[in-house]
A.B. asks: 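First the structure, then my questions, so here it is.
First listed ligand is number 1; within each ligand, the first listed atom is number 1.
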Amino acid sequence: MPTPVLGYAAQSPQSELAPFRFERRDPRADDVAIQILYCGVCHSDIHSARNDWGGAMYPLVPGHEIIGRVLSVGPGVTRFKPGDAVGVGCMVDSCQHCEACEQGLEQYCGEMATYTYNALDRHDGTPTYGGYSERIVASEKFVLRIPEGMDLAGAAPLLCAGITTYSPLRHWKVGKQSRVAVVGLGGLGHMALKLAKAMGARAALFSRTPGKEQDARRLGAEQMAAVKGCFDLIIDTVPTRHDINPYLPTLAQGGTLVLVGYLGPLEPALNSVPLIGGRKAVAGSLIGGIAETQEMLDFCGQHGITSDIEAIKIQDINAAYARMLKSDVKYRFVIDMASLKA
Ligand SMILES: [Zn+2]
Ligand SMILES: [Zn+2]
(Lines give C-alpha, C1' and ligand atoms only; values in the text may rest on other atoms or scores of the structure.)
(Ligands and ions follow the chains in the order given, each with its own letter.)
Protein backbone atom coordinates (compact mmCIF):
# COMPACT_ATOMS: atom_id res chain seq x y z
CA MET A 1 0.00 0.00 0.00
CA PRO A 2 1.51 3.37 -0.98
CA THR A 3 1.74 5.85 1.90
CA PRO A 4 -0.11 9.17 1.70
CA VAL A 5 2.22 12.07 2.51
CA LEU A 6 1.98 15.82 2.80
CA GLY A 7 4.41 18.10 1.00
CA TYR A 8 4.69 21.56 -0.52
CA ALA A 9 4.43 21.95 -4.28
CA ALA A 10 4.41 24.58 -7.01
CA GLN A 11 1.43 24.11 -9.31
CA SER A 12 2.66 26.43 -12.08
CA PRO A 13 5.64 28.72 -12.78
CA GLN A 14 3.75 31.64 -11.25
CA SER A 15 2.17 29.97 -8.24
CA GLU A 16 3.60 30.10 -4.74
CA LEU A 17 4.43 26.81 -3.07
CA ALA A 18 1.46 25.42 -1.14
CA PRO A 19 0.45 22.21 0.66
CA PHE A 20 0.07 19.20 -1.64
CA ARG A 21 -0.94 15.62 -0.85
CA PHE A 22 0.55 12.72 -2.79
CA GLU A 23 1.75 9.13 -2.26
CA ARG A 24 5.11 7.52 -1.69
CA ARG A 25 5.54 4.00 -3.07
CA ASP A 26 5.88 0.94 -0.89
CA PRO A 27 9.60 0.12 -0.53
CA ARG A 28 10.85 -2.15 -3.30
CA ALA A 29 13.40 -4.85 -2.39
CA ASP A 30 16.32 -2.38 -2.51
CA ASP A 31 14.46 0.66 -1.18
CA VAL A 32 14.83 2.66 2.01
CA ALA A 33 11.80 4.59 3.37
CA ILE A 34 12.90 7.76 5.14
CA GLN A 35 11.15 10.16 7.53
CA ILE A 36 12.41 13.58 6.44
CA LEU A 37 13.67 15.78 9.28
CA TYR A 38 15.34 18.62 7.36
CA CYS A 39 15.59 19.79 3.79
CA GLY A 40 17.95 22.50 2.54
CA VAL A 41 16.70 25.11 0.10
CA CYS A 42 18.84 25.28 -3.05
CA HIS A 43 18.73 27.87 -5.85
CA SER A 44 17.84 24.99 -8.19
CA ASP A 45 14.59 24.61 -6.24
CA ILE A 46 13.59 28.14 -7.24
CA HIS A 47 14.74 27.71 -10.86
CA SER A 48 12.79 24.45 -11.12
CA ALA A 49 9.61 25.67 -9.40
CA ARG A 50 9.54 28.70 -11.72
CA ASN A 51 10.49 26.71 -14.82
CA ASP A 52 13.53 28.92 -15.50
CA TRP A 53 15.28 26.00 -17.23
CA GLY A 54 12.20 24.63 -19.02
CA GLY A 55 10.86 21.11 -18.56
CA ALA A 56 9.12 21.67 -15.24
CA MET A 57 6.44 19.06 -14.50
CA TYR A 58 3.69 20.23 -12.14
CA PRO A 59 2.84 19.70 -9.38
CA LEU A 60 6.53 20.09 -8.54
CA VAL A 61 7.76 19.26 -5.03
CA PRO A 62 11.33 20.66 -4.77
CA GLY A 63 14.07 19.69 -2.33
CA HIS A 64 17.30 17.73 -2.85
CA GLU A 65 19.22 18.36 0.38
CA ILE A 66 17.35 15.79 2.41
CA ILE A 67 18.21 14.54 5.89
CA GLY A 68 16.09 12.03 7.73
CA ARG A 69 15.85 8.79 9.64
CA VAL A 70 15.21 5.39 8.17
CA LEU A 71 11.65 4.18 8.82
CA SER A 72 11.80 0.82 7.08
CA VAL A 73 13.84 -1.04 4.47
CA GLY A 74 13.07 -3.48 1.67
CA PRO A 75 14.16 -7.14 2.11
CA GLY A 76 17.28 -6.70 -0.05
CA VAL A 77 18.69 -3.71 1.84
CA THR A 78 21.90 -4.48 3.72
CA ARG A 79 23.49 -1.13 4.60
CA PHE A 80 20.69 0.58 6.52
CA LYS A 81 18.28 -0.19 9.34
CA PRO A 82 15.39 1.70 10.92
CA GLY A 83 16.59 4.67 12.98
CA ASP A 84 19.77 5.37 10.96
CA ALA A 85 20.47 9.03 10.14
CA VAL A 86 20.64 9.25 6.35
CA GLY A 87 20.68 11.71 3.48
CA VAL A 88 19.38 11.89 -0.07
CA GLY A 89 20.89 14.40 -2.48
CA CYS A 90 20.15 15.44 -6.04
CA MET A 91 19.81 11.94 -7.56
CA VAL A 92 17.69 8.91 -6.64
CA ASP A 93 18.67 6.58 -9.51
CA SER A 94 20.73 6.19 -12.69
CA CYS A 95 21.12 3.52 -15.40
CA GLN A 96 23.84 1.70 -13.39
CA HIS A 97 25.52 0.25 -16.49
CA CYS A 98 26.98 3.07 -18.61
CA GLU A 99 30.64 4.08 -18.49
CA ALA A 100 29.94 7.01 -16.16
CA CYS A 101 27.86 4.93 -13.75
CA GLU A 102 30.53 2.22 -13.71
CA GLN A 103 33.05 4.87 -12.65
CA GLY A 104 30.77 6.08 -9.87
CA LEU A 105 29.96 9.26 -11.79
CA GLU A 106 26.19 8.82 -11.74
CA GLN A 107 25.73 12.56 -12.20
CA TYR A 108 27.11 12.16 -15.73
CA CYS A 109 25.05 9.02 -16.51
CA GLY A 110 24.84 8.54 -20.28
CA GLU A 111 21.13 7.86 -19.95
CA MET A 112 20.74 10.76 -17.51
CA ALA A 113 20.44 10.25 -13.78
CA THR A 114 16.98 10.26 -12.21
CA TYR A 115 16.80 13.48 -10.26
CA THR A 116 15.22 13.62 -6.83
CA TYR A 117 12.42 15.84 -8.11
CA ASN A 118 10.99 16.85 -11.48
CA ALA A 119 11.97 13.53 -13.06
CA LEU A 120 10.29 10.20 -13.84
CA ASP A 121 11.06 7.01 -11.95
CA ARG A 122 13.02 4.61 -14.19
CA HIS A 123 10.91 1.60 -13.14
CA ASP A 124 7.31 2.76 -12.99
CA GLY A 125 7.35 6.14 -14.75
CA THR A 126 5.81 7.99 -11.83
CA PRO A 127 7.02 11.54 -11.09
CA THR A 128 9.73 12.01 -8.48
CA TYR A 129 8.89 14.41 -5.68
CA GLY A 130 11.57 16.06 -3.56
CA GLY A 131 12.29 16.72 0.06
CA TYR A 132 9.74 19.40 0.89
CA SER A 133 7.65 16.55 2.25
CA GLU A 134 7.21 14.16 5.15
CA ARG A 135 8.81 11.10 3.64
CA ILE A 136 10.82 9.84 0.71
CA VAL A 137 11.52 6.36 -0.63
CA ALA A 138 14.81 5.81 -2.48
CA SER A 139 17.05 2.99 -3.62
CA GLU A 140 19.70 2.03 -1.07
CA LYS A 141 22.45 2.84 -3.63
CA PHE A 142 21.44 6.50 -3.55
CA VAL A 143 21.08 6.84 0.21
CA LEU A 144 23.99 8.38 2.13
CA ARG A 145 25.11 7.67 5.67
CA ILE A 146 25.40 10.72 7.96
CA PRO A 147 28.46 10.58 10.23
CA GLU A 148 27.81 10.00 13.92
CA GLY A 149 27.25 13.19 15.90
CA MET A 150 26.92 15.53 12.92
CA ASP A 151 24.34 18.31 13.35
CA LEU A 152 21.50 17.07 11.14
CA ALA A 153 20.09 20.47 10.12
CA GLY A 154 23.56 21.76 9.22
CA ALA A 155 24.27 18.53 7.32
CA ALA A 156 21.38 18.99 4.86
CA PRO A 157 23.12 21.50 2.55
CA LEU A 158 26.12 19.19 2.24
CA LEU A 159 23.99 16.99 -0.04
CA CYS A 160 24.04 19.59 -2.84
CA ALA A 161 26.06 22.70 -1.89
CA GLY A 162 28.70 20.55 -0.18
CA ILE A 163 29.25 17.97 -2.90
CA THR A 164 28.99 20.53 -5.72
CA THR A 165 32.07 22.29 -4.35
CA TYR A 166 33.88 19.24 -2.92
CA SER A 167 33.91 17.40 -6.24
CA PRO A 168 35.84 20.06 -8.23
CA LEU A 169 38.22 20.64 -5.29
CA ARG A 170 39.07 16.93 -5.42
CA HIS A 171 39.07 16.61 -9.20
CA TRP A 172 41.58 19.46 -9.54
CA LYS A 173 43.62 17.92 -6.70
CA VAL A 174 43.46 20.76 -4.23
CA GLY A 175 45.69 20.16 -1.23
CA LYS A 176 48.26 21.85 0.96
CA GLN A 177 49.73 24.93 -0.69
CA SER A 178 47.01 25.07 -3.35
CA ARG A 179 45.68 28.57 -3.90
CA VAL A 180 41.95 28.58 -4.42
CA ALA A 181 39.58 31.48 -5.03
CA VAL A 182 35.83 31.34 -4.67
CA VAL A 183 33.49 33.63 -6.62
CA GLY A 184 30.28 34.41 -4.76
CA LEU A 185 29.63 33.89 -1.07
CA GLY A 186 26.33 32.04 -0.88
CA GLY A 187 25.34 28.47 -0.05
CA LEU A 188 27.90 27.02 -2.46
CA GLY A 189 30.59 29.64 -1.89
CA HIS A 190 30.70 29.35 1.87
CA MET A 191 30.98 25.56 1.59
CA ALA A 192 33.79 25.92 -0.97
CA LEU A 193 35.76 28.12 1.46
CA LYS A 194 35.30 25.74 4.40
CA LEU A 195 36.20 22.66 2.34
CA ALA A 196 39.22 24.22 0.60
CA LYS A 197 40.56 25.37 3.97
CA ALA A 198 40.05 21.90 5.49
CA MET A 199 42.00 20.41 2.57
CA GLY A 200 44.93 22.61 3.55
CA ALA A 201 44.61 25.11 0.72
CA ARG A 202 44.91 28.87 0.92
CA ALA A 203 41.52 30.23 -0.03
CA ALA A 204 40.32 33.68 -1.02
CA LEU A 205 36.96 35.18 -1.89
CA PHE A 206 35.89 37.30 -4.83
CA SER A 207 32.72 39.08 -3.78
CA ARG A 208 31.06 42.19 -5.06
CA THR A 209 29.27 42.65 -1.73
CA PRO A 210 31.65 44.71 0.47
CA GLY A 211 30.26 43.57 3.85
CA LYS A 212 31.20 39.98 3.19
CA GLU A 213 34.98 40.14 3.69
CA GLN A 214 34.78 39.75 7.45
CA ASP A 215 32.51 36.76 7.15
CA ALA A 216 34.80 35.27 4.54
CA ARG A 217 37.72 35.49 6.98
CA ARG A 218 35.66 33.68 9.62
CA LEU A 219 35.07 30.95 7.04
CA GLY A 220 38.79 30.58 6.47
CA ALA A 221 39.41 32.93 3.55
CA GLU A 222 42.66 34.84 3.49
CA GLN A 223 43.11 38.40 2.34
CA MET A 224 45.11 37.46 -0.74
CA ALA A 225 45.64 40.22 -3.19
CA ALA A 226 44.03 39.00 -6.38
CA VAL A 227 47.19 39.53 -8.31
CA LYS A 228 47.91 38.32 -11.79
CA GLY A 229 48.69 34.61 -11.99
CA CYS A 230 47.82 33.76 -8.42
CA PHE A 231 45.19 31.00 -8.25
CA ASP A 232 45.43 27.32 -9.17
CA LEU A 233 41.65 26.91 -9.08
CA ILE A 234 38.76 29.34 -9.07
CA ILE A 235 35.37 27.96 -8.09
CA ASP A 236 32.68 30.22 -9.55
CA THR A 237 29.41 29.68 -7.69
CA VAL A 238 27.40 32.63 -9.06
CA PRO A 239 24.00 31.25 -10.16
CA THR A 240 23.16 33.97 -12.68
CA ARG A 241 24.64 35.22 -15.95
CA HIS A 242 27.84 37.15 -15.25
CA ASP A 243 31.19 38.22 -16.69
CA ILE A 244 33.98 35.76 -15.90
CA ASN A 245 36.66 37.53 -17.97
CA PRO A 246 37.98 39.64 -15.06
CA TYR A 247 38.91 36.46 -13.14
CA LEU A 248 40.96 34.78 -15.87
CA PRO A 249 44.14 36.87 -15.46
CA THR A 250 44.20 35.92 -11.75
CA LEU A 251 44.62 32.23 -12.64
CA ALA A 252 48.11 30.80 -12.40
CA GLN A 253 49.58 29.20 -15.49
CA GLY A 254 47.68 25.94 -16.09
CA GLY A 255 44.97 27.04 -13.68
CA THR A 256 41.26 26.36 -14.09
CA LEU A 257 38.13 28.36 -13.46
CA VAL A 258 35.28 25.92 -12.84
CA LEU A 259 31.65 26.99 -13.12
CA VAL A 260 29.35 25.21 -10.69
CA GLY A 261 26.44 27.62 -10.25
CA TYR A 262 25.35 28.92 -13.62
CA LEU A 263 23.87 27.05 -16.59
CA GLY A 264 23.72 28.92 -19.88
CA PRO A 265 25.59 31.25 -22.20
CA LEU A 266 28.13 33.62 -20.69
CA GLU A 267 28.03 37.33 -21.37
CA PRO A 268 30.10 39.14 -22.39
CA ALA A 269 31.76 36.46 -24.54
CA LEU A 270 34.73 34.57 -23.16
CA ASN A 271 38.05 36.13 -24.17
CA SER A 272 40.50 33.37 -25.12
CA VAL A 273 43.62 35.54 -24.84
CA PRO A 274 44.32 34.89 -21.14
CA LEU A 275 43.46 31.19 -21.64
CA ILE A 276 45.83 30.64 -24.53
CA GLY A 277 48.45 32.88 -22.97
CA GLY A 278 48.75 30.67 -19.91
CA ARG A 279 47.28 27.26 -20.84
CA LYS A 280 44.34 28.08 -18.60
CA ALA A 281 40.95 26.41 -18.71
CA VAL A 282 37.35 27.24 -18.09
CA ALA A 283 35.45 24.15 -16.99
CA GLY A 284 32.17 23.06 -15.47
CA SER A 285 31.27 20.52 -12.80
CA LEU A 286 27.95 19.02 -11.73
CA ILE A 287 27.34 17.85 -8.13
CA GLY A 288 29.29 14.60 -7.53
CA GLY A 289 28.80 10.81 -7.67
CA ILE A 290 27.32 8.83 -4.82
CA ALA A 291 30.63 7.37 -3.60
CA GLU A 292 32.20 10.82 -3.67
CA THR A 293 29.22 12.27 -1.81
CA GLN A 294 29.75 9.71 0.96
CA GLU A 295 33.47 10.56 0.96
CA MET A 296 32.55 14.27 1.32
CA LEU A 297 30.19 13.56 4.24
CA ASP A 298 32.87 11.51 5.99
CA PHE A 299 35.44 14.26 5.32
CA CYS A 300 33.05 16.83 6.82
CA GLY A 301 32.49 14.55 9.82
CA GLN A 302 36.26 14.28 10.41
CA HIS A 303 36.79 18.03 10.08
CA GLY A 304 33.69 19.17 11.97
CA ILE A 305 32.22 20.89 8.91
CA THR A 306 28.54 21.62 8.38
CA SER A 307 26.73 24.43 6.59
CA ASP A 308 25.87 27.75 8.23
CA ILE A 309 22.09 27.67 8.17
CA GLU A 310 18.94 29.56 9.01
CA ALA A 311 16.20 27.11 9.98
CA ILE A 312 12.71 27.94 8.71
CA LYS A 313 9.23 26.52 8.87
CA ILE A 314 7.84 25.13 5.64
CA GLN A 315 5.10 27.78 5.81
CA ASP A 316 7.83 30.42 5.29
CA ILE A 317 9.21 28.88 2.11
CA ASN A 318 7.86 31.54 -0.28
CA ALA A 319 9.36 34.34 1.83
CA ALA A 320 12.62 32.39 1.93
CA TYR A 321 12.71 32.21 -1.90
CA ALA A 322 12.21 35.99 -2.07
CA ARG A 323 15.09 36.52 0.36
CA MET A 324 17.37 34.10 -1.54
CA LEU A 325 16.85 36.07 -4.73
CA LYS A 326 18.29 39.06 -2.83
CA SER A 327 21.15 36.91 -1.40
CA ASP A 328 19.70 37.59 2.03
CA VAL A 329 20.61 34.36 3.83
CA LYS A 330 23.69 33.16 5.70
CA TYR A 331 24.14 30.86 4.00
CA ARG A 332 21.44 28.29 3.48
CA PHE A 333 17.81 28.03 4.51
CA VAL A 334 16.95 24.64 5.92
CA ILE A 335 13.34 23.63 6.38
CA ASP A 336 12.59 22.02 9.72
CA MET A 337 10.13 19.41 8.51
CA ALA A 338 8.51 19.12 11.95
CA SER A 339 6.68 22.32 10.92
CA LEU A 340 4.83 20.42 8.19
CA LYS A 341 2.67 18.72 10.81
CA ALA A 342 2.02 21.92 12.82
ZN1 LIG B 1 20.97 21.99 -5.33
ZN1 LIG C 1 24.45 5.48 -16.36
A.B. asks: So what does the C109 SG - the Zn ion (ligand 2) - C95 SG angle come to, to 10°?
C.D. replies: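 Reported to 10°, the angle equals 110°.
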
A.B. asks: Check this for me, if you would: do D124 and R28 make a salt bridge, where the nitrogen-to-carboxylate-oxygen distance has to be below 4.0 angstrom?
C.D. replies: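 Yes, D124 and R28 are salt-bridged.
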
A.B. asks: May I ask you to test the H64-S44 pair for a side-chain heavy-atom distance under 4.5 Å?
C.D. replies: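 Yes, side chains in contact.
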
A.B. asks: With a cut-off of 2.8 Å, does H64 place any N/O/S atom under that distance from the Zn ion (ligand 1)?
C.D. replies: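 For H64, the answer is yes, given that an N, O or S atom comes within less than 2.8 Å of the Zn ion (ligand 1).
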
A.B. asks: Taking 2.8 Å as the cut-off, does H97 contribute an N, O or S atom near the Zn ion (ligand 2), distance below it?
C.D. replies: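 Within the cut-off used here (under 2.8 Å), H97 places no N, O or S atom near the Zn ion (ligand 2).
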
A.B. asks: For the Zn ion (ligand 1), does an N/O/S atom of C42 lie at less than 2.8 Å?
C.D. replies: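 It does: C42 brings an N, O or S atom closer than 2.8 Å to the Zn ion (ligand 1).
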
A.B. asks: Are the side chains of L188 and I235 in contact, using a 4.5 Å heavy-atom criterion?
C.D. replies: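 Of all side-chain heavy-atom pairs linking L188 with I235, none is under 4.5 Å.
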
A.B. asks: Please check if the distance between the ring centroids of F20 and F22 is under 6.0 Å.
C.D. replies: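 Yes, they do, as the ring centres are separated by less than 6.0 Å.
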
